[in-house]
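Take a look at the structure below.
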Amino acid sequence: MTSDSSIRFAVMDVMANYALAADSKDYGTMRSLFFDDAKIEMEFDDAFLQGQGVSFGDPGSFIEFVEETAAVYRSSQHLLGNPLVSVDDEQVRLRLNLTATAFYEDADSAETRLYGFYEVSLKQLGDKWKIQTLKFTSIGSK
């Protein structure tokens, strides 16, 4: 039987790998963290991507969006914090804050910063945890 603590560490590891994959533009690793039928939603404030909201019914479409959006950045840093983890019988729910800084290729536009939070559900597949749903809500940007 797996302990509650080891589950919490395992799902935080999934999210740490998600952030690292975003920062290193490692879209293969990012894809491996999701179930094939994962649902993804992102809600942005008006100062980031014109406030558009996007949703995806599969991780491939989401990753294409991330890749296109990140093309103008030379690098980024996603900081995740204050994780709140809820462990049920078959599913784990996670809420965690995000501060993401992206540095533009164009030196005249130094950087942009995005603040918000993720709400994520994960399920175990064999010995791995994978993202079933991921929702990001922006609370501000500059």
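Model, not experiment: these values are computed from the prediction.
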Looking at [X] and [Y], what are the two nearest heavy atoms and their distance?
| X | Y | answer |
| --- | --- | --- |
| K123 | E90 | CG-O, 3.6 Å |
| L33 | V14 | CD1-O, 3.8 Å |
| P59 | I40 | CA-CD1, 3.9 Å |
| S138 | D45 | OG-OD1, 2.7 Å |
| K25 | A70 | NZ-O, 3.0 Å |
| G57 | K39 | O-NZ, 3.6 Å |

Less than 4.5 Å apart, any side-chain heavy atom of [X] and any of [Y]?
| X | Y | answer |
| --- | --- | --- |
| T112 | K142 | no |
| H78 | S76 | yes |
| L20 | D26 | no |

Ring pair (Phe, Tyr, Trp, His ring centres under 6.0 Å) between Y73 and F103: does it pass, once the steps are laid out? CA-CA 5 Å; Y73 305 126; F103 301 94; 9.0 Å; no
Could you work out the complete set of other residues in the hydrophobic cluster of F35, with links drawn between I, L, V, M, F, W and Y side chains under 4.5 Å apart?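 Via sub-4.5 Å side-chain contacts, F35 links to L125.
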Transitive ILVMFWY cluster of I139 at side-chain heavy atoms under 4.5 Å: who else is in it?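 Members besides I139, by chain and number: Y115, F117.
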Taking D13 for its side chain and F9 for its backbone only, find out whether a donor-acceptor pair lies under 3.5 Å.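 No; judged by distance alone, with no hydrogens or angles, the pair does not exist.
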R95 side chain to V85 main-chain N or O, any donor-acceptor pair under 3.5 Å?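 Here the side-chain-to-backbone pair does not exist.
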Parallel under 30°, tilted from 30 to 60°, perpendicular over 60°: which one fits the rings of Y18 and F34?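 Y18 and F34: perpendicular rings.
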The criterion is side chain to side chain donor-acceptor pair (under 3.5 Å); which residues satisfy it with E111, sequence neighbours excluded?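 In terms of side chain to side chain donor-acceptor pair (under 3.5 Å), with neighbours along the sequence ignored, E111 is linked to R113.
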R31/D36 salt bridge by N-O under 4.0 Å criterion: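 Yes, D36 and R31 are salt-bridged.
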For side chain to side chain contact (heavy atoms under 4.5 Å, CB included), just list the numbers for T137 and K135, CA-CA rounded to whole Å, side-chain angles, deciding distance to a tenth of an Å, and then say yes or no. CA-CA 7 Å; T137 303; K135 180 180 180 184; 3.8 Å; yes
